[in-house]
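Notes for the one structure printed next.
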Amino acid sequence: MDLLLGVAAFLSLPLTLAGFTWYALRARRTGSGQSLMAPFEEIWDPVAHRTNVEVHAEAQRSPETPAPGDPLDDQVPGARR
């Protein structure tokens, strides 16, 4: 019984790290898991974390007014009315 307990304790760390690695690769490939991996990314690569926060914030914004110099809708070919 003591041997089984020792083996389980010895294998728990590599299995946990392998699980995190698998999840990180899966999250990057599918684009999900940002909320789970964000604390780790913030610890080890804070610049990339801040960049990802800005990218997500920019993606959620929608322009309400056209910028100066943007063509009007009636001047854009193929624009719907």
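Keep in mind the model is a prediction, meaning the values are calculated, not measured. Positions are given from 1, in the same order as the sequence printed here.
- The line from NE2 of His56 to OG1 of Thr51 is 11.0 Å long, rounded to the nearest 0.5 Å.
- Transitive grouping of hydrophobic side chains (ILVMFWY, heavy atoms separated by less than 4.5 Å) keeps Val55 and Val47 in distinct clusters.
- Through direct or relayed side-chain contacts under 4.5 Å between Ile, Leu, Val, Met, Phe, Trp and Tyr, Leu5 connects to no other residue.
- The hydrophobic cluster containing Leu3 also includes Val7, Phe10, Leu11, Leu15, under a criterion of side-chain heavy atoms closer than 4.5 Å among ILVMFWY residues, counted directly or through chains of members.
- For the side-chain contact (heavy atoms from CB on, under 4.5 Å) test, residues two or more places apart in sequence or in another chain that qualify with Ala48 are Glu41, Asp45.
- Applying the salt bridge (Lys or Arg N to Asp or Glu O under 4.0 Å) definition to pairs two or more places apart or across chains, those involving residues 51-60 are Glu58-Arg61.
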